[in-house]
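Each remark here refers to the structure printed beneath this line.
So you know, we letter chains A, B, ... as the sequences are listed, proteins then strands, and number each from 1.
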Number of protein chains: 2
Amino acid sequence: MVSQRDRRNGSAVARKLSTPDADNAPTAEMPAVTENGGEEARVRSIPEAAVARLAVYLRVLSAMSEQGATTVASEELATAAGVNSAKLRKDLSYLGSYGTRGVGYEVAVLVAQLERILGLTRQHKVAVVGIGNLGHALANYGGFPGRGFPVEALFDIDPDLIGVPVGGIPVSHLNDIPEVCSERGISIGVIATPPPAAQTVADRLVQGGVQCVLNFAPVVLQVPDHVEVRKVDLAVELQILSFHVARRAENVGNGMVVR
Amino acid sequence: MVSQRDRRNGSAVARKLSTPDADNAPTAEMPAVTENGGEEARVRSIPEAAVARLAVYLRVLSAMSEQGATTVASEELATAAGVNSAKLRKDLSYLGSYGTRGVGYEVAVLVAQLERILGLTRQHKVAVVGIGNLGHALANYGGFPGRGFPVEALFDIDPDLIGVPVGGIPVSHLNDIPEVCSERGISIGVIATPPPAAQTVADRLVQGGVQCVLNFAPVVLQVPDHVEVRKVDLAVELQILSFHVARRAENVGNGMVVR
DNA sequence: GGCTGTGAATACATTCACAGCA
DNA sequence: TGCTGTGAATGTATTCACAGCC
């Protein structure tokens, strides 16, 4: 009888089976390496939900920057990012105080800070596993979102594919995942295999020293605590949409044409 | 013109820009149908976060069912779905009381209830817009996740693609989106175009009567209130992973490789 | 005994509203 | 004056813990 009581702190062997479910990760803590130096890592924590939005702000800001904007107000940036300005300011405040009251934020400064916080000053080499339709598409993304995430290894189990270059990279065999990932310093593994293969692939990626997994296969992966998993699940997305259609139909009652 | 769901007393305030939903991964703002003004409002409101998990439970249950399981306990189902059992029971309780104390849930019953709640008893025809690498992959998914979501229209702007069948469906021109969607009764539009085209495509989908959009383009879409948008953003996913790597690296104390 | 269902308690996230600074 | 930054207030989601039923 496992008492639910004591699973709070001792993470010892506790081996929680729960895998991060997209939004299951609580706020992340991070050392605030603010300019103040000296002081040791005062650990500020950025809510997980905010992190996702920071990435969006960064993209919007980059676009603004390219169009020559040098400064931007929270209201403007918020609108462009599809959030309200209070939330935006709160989110940005987690980085520190980089705005100017009465004026707004300097675009370049904000971009730099966001890149720093998001760890984009470093390269993250990506491996794509499963070169089917989706994997092929991902491999051809060629350097994923605006560099910073170069695809440097591809894997599949199909003998006809092994050695064939896709997007400039030859496909290796699934068995070689640990070795190749290790050699090439892969830090992010993208799983685009059929569901039954996903767990094995994940295991091998972990063996190869991969720290993060982006999982497109509709299965719950079991990985060690130090590996971060995010999941993209098309079926779930569609079903959520379906739910909203259904709910709407019920709410409206009869008379409404619903597809 | 069919009345597009009139607003409940309480929320008459808002009429600003249809705030496109933030993101789906970490959090989601709900269309706030919170209060059930009417007495007979049998539609218990289910938390958005729970809905996403219900879809996962359904998949796991379907697999269990195929393996011959007829009954399942919350602990078992929870483990398989990657959540804890308290959360699972709470989630299932939103559907009603379909379990048996001391025993567990009957798999078939639960599957049926989940399908009902998620609106899967009805078909949702899908259109894919943008037949590039990703769109191609999506189109070839052929009926998407285990039927219920048949792909019935494809669109692109490239003249060389128009008329060419992909996964059995000929590609139509972007301009024909409203007409074709309307004719074929498309209810879900999947946007896999380059970013600049996305908003225009969304507008046309809405014109064609589409109620839901799954957006792979990294832009914030503006749509009317009655249209539900969900977004899948690879760049954001990778950057969130990057954030966690960076945080971990800093905690460990070694310098970051900057280039 | 085993397991569900659920109020109560807690944790997390968003919004409000205003002090404080350029 | 205009806009940021943030505590306080509100709203949502998760977890606890146990009553109730098999």
Quiz item: What closest approach, in Å, do V223(B) and V227(B) show between heavy atoms, and which atom pair accounts for it?
Solution: CG2-O, 3.8 Å
Quiz item: So, for S242(A) and L120(B), which heavy atoms are closest and what is the spacing to 0.1 Å?
Solution: OG-CD2, 3.7 Å
Would you kindly give the [atom1]-to-[atom2] distance between [X] and [N], to the nearest whole Å?
X       : N       : atom1 : atom2 : result
E75(B)  : dC16(D) : CD    : C1'   : 14 Å
D91(A)  : dC12(C) : CG    : C1'   : 14 Å
L92(A)  : dG5(D)  : CG    : P     : 8 Å
K87(B)  : dT4(C)  : NZ    : C1'   : 18 Å
L88(A)  : dT6(D)  : CG    : P     : 14 Å
E48(A)  : dA11(C) : CD    : P     : 18 Å
E106(A) : dC3(D)  : CD    : P     : 16 Å
I46(A)  : dT14(C) : CD1   : C1'   : 17 Å

Self-check item: S187(B) vs Q211(B), side chain to side chain donor-acceptor pair (under 3.5 Å): CA-CA, chis, key distance, verdict
Solution: CA-CA 6 Å; S187(B) 52; Q211(B) 305 176 49; 5.6 Å; no
Practice problem: Would you mind telling me which residue lines up with the more 5' stretch of DNA chain C, K90(B) or A73(B), judged by nearest nucleotide? | Solution: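 Going by which nucleotide is closer to the 5' end, it is A73(B).
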Distance below 4.0 Å between [X] side-chain N/O and [N] OP1 or OP2:
X       : N       : answer
T100(A) : dT4(D)  : no
R53(B)  : dA13(D) : no
N84(B)  : dT14(D) : no

Where the side chain of [X] is concerned, which of [options] is the nearest nucleotide?
X       : options                   : answer
V103(B) : dC22(D), dA13(C), dT4(C)  : dC22(D)
Y94(B)  : dC16(C), dT14(D), dA17(D) : dT14(D)
R89(A)  : dT14(D), dA17(C), dT15(C) : dA17(C)
R101(A) : dC3(D), dT14(C), dG2(C)   : dC3(D)
S97(A)  : dG5(D), dC16(C), dT4(D)   : dG5(D)
Y105(A) : dC16(C), dT4(D), dA13(D)  : dT4(D)

Quiz item: Does the pair E48(A)/R247(B) count as a salt bridge with the N-to-O cut at 4.0 Å?
Solution: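 Answer for the salt bridge query: no.
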Quiz prompt | Sub-4.5 Å side-chain heavy-atom contact between D233(B) and N215(B) | solution =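 In short, these two side chains do not touch, never coming nearer than 4.5 Å.
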